[in-house]
Amino acid sequence: RHLAVGARVAPRGASAVLPGHVWLLLGVKANFQVGTVLMLRPATLAFLLAAPRLPPVAQPAKRLKALVPWLRHADPMVAASARKEFAEAPFTAVREAARDVVADDLLATLARPEAAATSRGTLFLLVGLSGGPAERKRLGTWLQDPAMQRAPGFDALLAAWLLLTGPKGVGPIERMVRDPKVNAAIVGAAYVRALGFHARNTKTLSRPQVLGALHRLLERPAFFGATLSELTRLEGWGELEPVLAAYERQKAKAPWLVGPVMRYLEAHPSPEAKAAHARLERGLKGGKPGGAKGAPAKRGT
């Protein structure tokens, strides 16, 4: 239908249209063909009217600073719009804007694992950038909470904890990963992503500290592949022998690990890695287990 001057539009699903209600009509500009009709709360309308006056996208830090008051807005549409801009902005702009964030306000939202499912990572990051001792203590408690570990954004929680603790935070996380009561696949994979985030964006951990932590994780089959993929992205080569030895111990129970290993060896600059890649490739073509160390394959009985 086309919306002519003076035409009436009946919003679908609306039980009552009262005087004072404001509606947003979304449609094609030509002849204004209406596709969607949304009822706006006063706060949502205020946000939409304020949006054109925000600093331009070309000034991301100033724009994010202007959006800080909207991060915890009671209207889900407003809060989600503000958080989405933070999630898509350069990290340097997010860091600068975080100076205006009150971390304790965000913790109130994050306390429920089911809340803000699509933006928990962004909120945790802002807590890590703006928090202090109280927030560090709260995040340290949440690290041990199985519900928090299963919730979206747990990798960002770990990254935020490291922002607030620095290198001292590595030990508690590694002890948690080794805890048999913890779901190692979830926690370990999240830790790998948190380490990768810090390697690319912060100086909280030095490069040797990040690479050392990743190499220590290679002993755990549950996230060997994720760890090796992260090392490949970071070009964190280190010594080749421990990587090949870890793969040899795990390949029988986890044959799918051959993919990350092949990509790692192919990207590794050393001649030894090229030779190991060639041996592994020959083993795969021959239908054998693919020993990267060149050991002969055992025949079945």
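Using a 4.5 Å heavy-atom cutoff, the side chains of Leu195 and Tyr191 are in contact. For the pair Ser270 and Leu240, the minimum side-chain heavy-atom distance is below 4.5 Å. The closest side-chain heavy-atom distance from Met262 to Leu284 is below 4.5 Å. Leu158 has its side chain within reach of Met176: a pair of non-hydrogen atoms, C-beta onward, lies under 4.5 Å apart.
Identified under the ring-ring contact (aromatic ring centres under 6.0 Å, His included) test for residues 50-79, with sequence neighbours left out: Phe47-Trp70, Trp70-His73. Within the structure, the salt bridge (Lys or Arg N to Asp or Glu O under 4.0 Å) test picks out the following pairs touching residues 97-120 (sequence neighbours left out): Lys65-Asp100, Arg112-Glu114. For residues 177-190, no residue pair satisfies the side chain to side chain donor-acceptor pair (under 3.5 Å) rule, not counting sequence neighbours. Sorted by first then second residue, the side chain to side chain donor-acceptor pair (under 3.5 Å) pairs that include residues 140-157, not counting sequence neighbours, are Asp155-Arg193. The ring-ring contact (aromatic ring centres under 6.0 Å, His included) analysis of residues 87-127, with sequence neighbours excluded, yields the pairs Phe91-Phe197. For the ring-ring contact (aromatic ring centres under 6.0 Å, His included) condition, no pair includes a residue of residues 143-182, sequence neighbours left out.
Here the shortest heavy-atom pairing between Ala160 and Leu139 reads CB-CD1, 3.8 Å. For the residue pair Ala267 and Thr232, the shortest heavy atom distance occurs at CB-CG2, 4.1 Å. Residues Leu71 and Ala79 approach most closely at O-CB, 3.6 Å, considering heavy atoms. For the residue pair Pro152 and Pro113, the shortest heavy atom distance occurs at CD-O, 4.4 Å. Nearest heavy-atom pair across Ser229 and Pro260 is OG-CB, 4.0 Å. The two residues His268 and Ala273 have their closest heavy-atom pair at CB-CB, 3.4 Å.
Phe86 and Val57 end up in different hydrophobic clusters when Ile, Leu, Val, Met, Phe, Trp and Tyr side chains are linked at under 4.5 Å. No continuous path of ILVMFWY side-chain contacts below 4.5 Å connects Ile186 to Val192, so the two sit in separate hydrophobic clusters. The hydrophobic cluster containing Val94 also contains Leu54, counting ILVMFWY residues as joined when their side-chain heavy atoms lie under 4.5 angstrom apart, directly or transitively.
For the pair Lys274 (side chain) and Pro269 (backbone), a donor-acceptor distance under 3.5 Å is absent.
Between the CG atom in Leu244 and the NZ atom in Lys251 there is a gap of 10.5 Å [rounded to 0.5 Å]. With rounding to the nearest 0.5 Å, the separation of CD in Glu272 from CD in Glu239 is 11.5 Å. Taking OH from Tyr264 and CD from Glu230, the interatomic distance works out to 12.5 Å, rounded to the nearest 0.5 Å. The line from NE2 of His198 to CG of Leu162 is 4.5 Å long, rounded to the nearest 0.5 Å.
Under the side-chain hydrogen bond (donor to acceptor under 3.5 Å, both in side chains) criterion, Thr44 pairs with Asp75, sequence neighbours left out. For Ser119, the side-chain hydrogen bond (donor to acceptor under 3.5 Å, both in side chains) partners two or more places apart in sequence, or in a different chain, are Arg83. Partners of Arg63 according to the side-chain hydrogen bond (donor to acceptor under 3.5 Å, both in side chains) rule, which considers only residues two or more places apart in sequence or in another chain, are Glu85. Under the rule for a side-chain hydrogen bond (donor to acceptor under 3.5 Å, both in side chains), the partners of Lys84 that lie at least two apart in sequence or sit in another chain are Glu88.
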Please output the side-chain donor-acceptor pairs of residues 204-221 that fall under 3.5 Å, not counting sequence neighbours, one pair per line with the distance.
from: Thr204; atom 1: OG1; to: Thr202; atom 2: OG1; distance (Å): 3.4
from: Ser206; atom 1: OG; to: Gln209; atom 2: N; distance (Å): 3.2
from: Ser206; atom 1: OG; to: Gln209; atom 2: OE1; distance (Å): 3.3
from: Arg207; atom 1: NH1; to: Leu234; atom 2: O; distance (Å): 3.2
from: Arg207; atom 1: NH2; to: Leu234; atom 2: O; distance (Å): 2.8
from: Arg207; atom 1: NH2; to: Glu235; atom 2: O; distance (Å): 3.1
from: Gln209; atom 1: OE1; to: Ser206; atom 2: N; distance (Å): 2.8
from: Arg216; atom 1: NE; to: Glu174; atom 2: OE1; distance (Å): 3.2
from: Arg216; atom 1: NE; to: Glu174; atom 2: OE2; distance (Å): 3.1
from: Arg216; atom 1: NH1; to: Gly212; atom 2: O; distance (Å): 3.4
from: Arg216; atom 1: NH2; to: Glu174; atom 2: OE2; distance (Å): 2.8
from: Glu219; atom 1: OE1; to: Arg249; atom 2: NH2; distance (Å): 2.7
from: Glu219; atom 1: OE2; to: Arg249; atom 2: NH2; distance (Å): 2.7
from: Arg220; atom 1: NH1; to: Val177; atom 2: O; distance (Å): 3.1

Tell me which donor-acceptor pairs under 3.5 Å the side chains of residues 126-137 have, and how far apart each pair is, sequence neighbours excluded?
from: Ser130; atom 1: OG; to: Leu126; atom 2: O; distance (Å): 2.6
from: Glu135; atom 1: OE1; to: Gly132; atom 2: N; distance (Å): 2.7

Discussion item. What verdict does the side chain to side chain contact (heavy atoms under 4.5 Å, CB included) test give for Leu163 and Leu125, after you've listed the backbone C-alpha separation in whole Å, the side-chain angles of each residue and the deciding distance to 0.1 Å?
Written reply: CA-CA 9 Å; Leu163 280 169; Leu125 177 60; 3.9 Å; yes
